[in-house]
Amino acid sequence: MKKGIFITFEGPDGSGKTTISKYVCEELTKRGYPVIYSREPGGSEIAEEIRNIILDPKNTAMDVRTEALLYAASRRQHYVEKIKPAIERGDIFICDRFVESSLAYQGFGREIGIDAIYELNQFAIEGKLPDMTVFLDVSPEVGLKRIESRSNKDRLDQETTAFHQRVYAGYQEVLRRYRDRMHVIDATQSEQTVKDIALQTVLEWLEK
Ligand code: TMP
């Protein structure tokens, strides 16, 4: 069995990432795997404080580069405090979003450019990329429809359809660049089907 593994879940808003990644984490724990679950932005006390600033709907004046820097700052703190130590201990670290979210959202969504965002994040993560990424695939239209009824929409949930379409295009580029570690699942299927496929995909990869 592999040790010291970093697995991330990615997808557009409304892809069901959080539900699916938590389920996979619980099932792996039941099977005796040493799993740690976390999320970005956030995942440590300081990083969660930065998350609150980024996602606060009242921060409408936030510049797109400020936003990119804050995501990277939050990632740095999370990486140093939680991700790096867990991987060094030999645990399996499962994270709901990581640097690919910045490549898609800030690189494409905010039109800063994927290479600029990649460089910026290098300072935060010192070259560390996930070993495996599960991408939950839903079109921006379906994703947005799913989050439509949320009462507590954050600053990014409130973005335009055009923004979310650019994010989706960004993810397509991310999938092309990192195709070796990307596992794409059609997330328009029923929740139980997506859960089953995601768990199976991760288990098979871990035991390979
Ligand atoms: P969440 O809804 O998965 O908790 O993420 C919050 C929002 O932050 C979501 O709209 C995606 C966005 N995001 C970025 O724009 N860049 C990033 O690097 C990360 C981690 C999230």
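Computed from a prediction, not measured in an experiment: that's the story for all the values here. Both ligands and their constituent atoms are indexed starting at 1 by order of listing.
Residue Leu156 has at least one heavy-atom neighbour below 4.0 Å for each of these atoms of ligand 1: 10 (O), 12 (C), 15 (O). Distances below 4.0 Å separate heavy atoms of Gln106 from the following atoms of ligand 1: 14 (C), 15 (O), 16 (N), 17 (C), 18 (O). For ligand 1, the atoms sitting less than 4.0 Å from at least one non-hydrogen atom of Glu40 are 20 (C), numbered in the order shown with element in parentheses. Under a 4.0 Å criterion applied to the non-hydrogen atoms of Arg51, ligand 1 contributes the atoms 4 (O).
Within the 4.5 Å cutoff, the side chain of Ile197 has heavy atoms near those of the Gln189 side chain. Residues Tyr178 and Leu129 form a side-chain contact, since some pair of their non-hydrogen atoms from C-beta on lies under 4.5 Å apart.
The closest approach between Lys17 and ligand 1 falls below 4.0 Å for a heavy atom of the residue.
The six-membered or imidazole ring of His164 lies away from that of Phe108, with a centre-to-centre distance of 6.0 Å or more.
At a heavy-atom cutoff of 4.0 Å, ligand 1 is contacted by the side chain of Arg75 but not by its backbone.
What sits closest to atom 7 (C) of ligand 1 on the protein, heavy atoms only, is Leu55 CD2, 3.8 Å. Nearest to atom 10 (O) of ligand 1 among the protein's heavy atoms is Asp13 OD1, 3.0 Å. Among protein heavy atoms, the minimum distance from atom 18 (O) of ligand 1 is reached at Ser102 OG, 2.6 Å. Atom 1 (P) of ligand 1 has as its closest protein heavy atom Arg97 NE, 3.7 Å.
Here the side chain of Asp91 pairs no donor or acceptor atom with the backbone of Phe93 at under 3.5 angstrom. Remark: the backbone N or O of Pro57 is not paired with any side-chain donor or acceptor of Arg155 at under 3.5 angstrom.
When the heavy atoms of Tyr71, Tyr105, Phe9 are ranked by distance to atom 17 (C) of ligand 1, first place goes to Tyr71.
Using cut-offs of 30° and 60° on the angle between ring planes, the pair Phe6 and Phe98 is perpendicular. Ring-plane geometry between Tyr105 and Phe163 is classed as tilted, the angle between the planes lying from 30 to 60 degrees on a 0 to 90 degree scale.
Of the N and O atoms on the side chains of Glu141 and Gln165, at least one donor lies less than 3.5 Å from an acceptor on the other residue.
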